[in-house]
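Quick caveat: nothing in here was measured; it's all calculated off a predicted structure. Heavy-atom basis, side chains included; hydrogens, waters and symmetry copies ignored.
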Amino acid sequence: MKKWIVTLAVLSLVLAGCGANKNGGTGGAAGHEGHGQHQETPAAGQKDEHAGHGGEAKTELSTKAVWKMNPAQPQAGQDTSVSIQIQDDKGQPVEKFDLNHEKQLHLIAVSKDLSYFDHIHPEYKGKGVFEITTKLPAGGAYKLFADYVPTGSTATTKSEWIQVGGGAPAAKAPEPESKLTKVVDGKEISLQIDGLAAGKEVMLTYHLSDAATKKPIENLEPYLGAVGHVVILDEAAEQYLHVHPMDEKAKGPEAQFMTTFPKSGIYKIWGQFQQGGKTFIVPFVVKVP
Ligand SMILES: [Cu+2]
C-alpha cells in the first residue's frame, strides 16, 4: 500500500513536470506533452501521454463514442448528419469536455484509400452529443475519427467505419512519393524527414514558400491555436496520429512536428496551415522503413 502511494506521488511529480513542459517540446520522454501528439491506440505505457495538462495527474476516463448517421446509409454528394455521443463505460453521457486547440471535438474523415480527407468541427449540443452536417464526395467506405478530451481525463480518439452509397471511383492505393515537395494554392511546400524509421521519434520539418516568387512564407497564421496541424494515417487507416507543432506560435517559413511512426509501412501525412485567412492542406505519402 505504502509503495503505491510513493509511486503515485512520484508519478504526479513527473506528470506535473510534463505539463510545465507544454510549450517546450525539447524531446525525450517528458517532451511528449510538447509534441501534442495523440494516438488512437497508444502502446502500453503511453496511456498517460497527455496527463498533466494543467500540471496535475489525471486518470483516464474510459469513454466510448456512439455514432449515428442520418440517413443511416449516407449517399454520395448528399447532406449527411453525423451525430456522435460520448458516453462513459456505464452508457451515461459524458457532458464536459476541455477545449483542445479551440474546439471540444475534432472530426477527421478519410476515404478508405486515403484520397479524401476532411477535418471538421461538430457543434456541441449538450448531453455528450456533437453534431455536424457534411457531404461525402463519392460512394465507398470512409473512416471517421473523433478527437476529444473529457474534462478531467486525457486526449481520446474514437473511430468508426461508415459505408456511403453511390458510385465509387476505383480505389487508388496511396503511392509513396520520392520527392516531398508540392504546390498547393500558390504555395510551395516541402517536407523534410530526417532518419525516417518506425518506432523512433522523427522530426517532420515543413518549409513553405511562395510558389511564384520563391520567397519564404513568414506570415502563417495560427489555425485553431497552432501554426499547423498534422494528421497521419497508415495505409489501413488503423494507426492514427494527430500531431501539433513543436512551436505553436511559429509563423513560417518552417513548421516542425515531432512524432513516432508506430510501425513500418506506408503512411499518408496531411499538414494543415493557414495564411491570409484561408486554410490549406498539403498531403504527402511516405514509406516508413
Ligand atoms: Cu480540428
Side-chain angles (χ1 to χ4, degrees), residues 36-44 46-47 49-50 60-74 80-89 91 93-94 97-98 100-101 103-124 128-150 153-165 168 171 173-174 224 229-244 259-263 265-270 272 281 283 285 288:
Q37 169 176 319
H38 42 109
Q39 283 175 270
E40 184 180 13
T41 46
Q46 289 189 352
K47 284 225 162 188
E49 194 167 277
H50 274 74
E60 185 164 355
L61 180 70
S62 104
T63 56
K64 62 178 177 184
V66 178
W67 302 76
K68 280 199 192 104
M69 305 295 144
N70 189 7
Q73 159 91 79
T80 302
S81 148
V82 181
S83 155
I84 308 151
Q85 187 182 41
I86 310 303
Q87 299 180 350
D88 64 17
D89 51 8
V94 171
F97 300 88
D98 287 351
N100 173 21
H101 287 92
K103 300 289 176 184
Q104 290 175 301
L105 186 140
H106 300 256
L107 181 66
I108 305 289
V110 293
S111 57
K112 187 165 189 270
D113 68 356
L114 308 185
S115 61
Y116 172 82
F117 172 93
D118 200 10
H119 175 179
I120 51 180
H121 302 100
E123 195 185 330
Y124 188 44
V129 176
F130 292 85
E131 271 179 24
I132 194 165
T133 298
T134 188
K135 281 187 177 79
L136 295 158
Y142 289 77
K143 197 169 189 183
L144 309 181
F145 298 85
D147 288 341
Y148 55 91
V149 184
S153 183
T154 54
T156 306
T157 303
K158 297 291 175 191
S159 64
E160 178 88 345
W161 282 103
I162 62 164
Q163 197 65 36
V164 174
L224 300 174
H229 299 258
V230 166
V231 171
I232 303 173
L233 273 171
D234 70 328
E235 214 177 357
E238 294 298 334
Q239 305 290 336
Y240 172 89
L241 305 166
H242 188 159
V243 196
H244 292 113
T259 194
T260 303
F261 293 88
K263 52 186 193 179
I266 292 169
Y267 288 79
K268 192 156 182 176
I269 305 170
W270 294 268
Q272 193 165 17
I281 295 173
V285 178
V288 177

Exercise: identify the closest heavy-atom pair between Leu114 and Glu235: CD1-CA, 4.2 Å
Asp147 vs Lys103 side-chain heavy atoms within contact, under 4.5 Å: no
Side chain to side chain contact (heavy atoms under 4.5 Å, CB included) assessment of Tyr124 paired with Ile86: CA-CA 11 Å; Tyr124 188 44; Ile86 310 303; over 6 Å; no
Electrostatic pair Glu238-Lys143, nearest N-O below 4.0 angstrom: yes
Side chains of Phe97 and Phe130 in contact at under 4.5 Å (non-hydrogen atoms): yes
Side chains of Pro150 and Thr156 in contact at under 4.5 Å (non-hydrogen atoms): yes
Any side-chain heavy-atom pair of Val230 and Thr259 under 4.5 Å: no
Distance in Å, Asn70 CG paired with Glu131 CD, rounded so as to fall on 0.5 Å steps: 9.0 Å
Nearest heavy atoms of Ile132 and Pro122, plus distance in Å: CB-CA, 3.7 Å
Residue pair Gly140 / Ala168: nearest heavy atoms and the distance that separates them: N-CB, 4.3 Å
Reported CD1-to-OG1 distance for the pair Ile120 and Thr134, which is rounded to 0.5 angstrom: 4.0 Å
Worked verdict on Tyr148 versus Ile84 for side chain to side chain contact (heavy atoms under 4.5 Å, CB included): CA-CA 11 Å; Tyr148 55 91; Ile84 308 151; over 6 Å; no
Nearest-0.5 Å distance, CG of residue Leu144 to CH2 of residue Trp67: 5.0 Å
Derivation and outcome, ring pair (Phe, Tyr, Trp, His ring centres under 6.0 Å), residues His229 and His101: CA-CA 10 Å; His229 299 258; His101 287 92; 5.3 Å; yes
Parallel, tilted or perpendicular: ring planes of Phe145 versus Tyr240, cut at 30 and 60 degrees: parallel
Set of residues satisfying side-chain contact (heavy atoms from CB on, under 4.5 Å) with respect to Pro137, sequence neighbours excluded: Tyr116, Tyr142
Distance in Å, Leu105 CG paired with Asn100 CG, rounded so as to fall on 0.5 Å steps: 9.5 Å
Check against side chain to side chain contact (heavy atoms under 4.5 Å, CB included), Ile162 and Leu136: CA-CA 11 Å; Ile162 62 164; Leu136 295 158; 3.6 Å; yes
Gln163 versus Pro74, closest heavy-atom pair with distance: O-CD, 3.5 Å
Atom pair CG (Asp98) and OG (Ser153), whose distance is rounded to the nearest 0.5 Å: 9.0 Å
Set of residues satisfying side-chain hydrogen bond (donor to acceptor under 3.5 Å, both in side chains) with respect to Asp234, sequence neighbours excluded: none
Distance (rounded to the nearest 0.5 Å) between Asp118 CG and Ile281 CD1: 6.5 Å
Side chain to side chain, Gln239 and Phe261, heavy atoms closer than 4.5 Å: no
All side-chain hydrogen bond (donor to acceptor under 3.5 Å, both in side chains) counterparts of Lys64, not counting sequence neighbours: none
Val129 side chain reached by Ser83 side chain, heavy atoms, under 4.5 Å: yes
Results of side-chain hydrogen bond (donor to acceptor under 3.5 Å, both in side chains) for Gln85 - residues two or more places apart only: Gln87
Partner residues of Asp88 under the side-chain contact (heavy atoms from CB on, under 4.5 Å) criterion, sequence neighbours left out: Lys90, Gln92, Val94
Residues which pass side-chain hydrogen bond (donor to acceptor under 3.5 Å, both in side chains) with Gln272, listed by chain and number, not counting sequence neighbours: His119
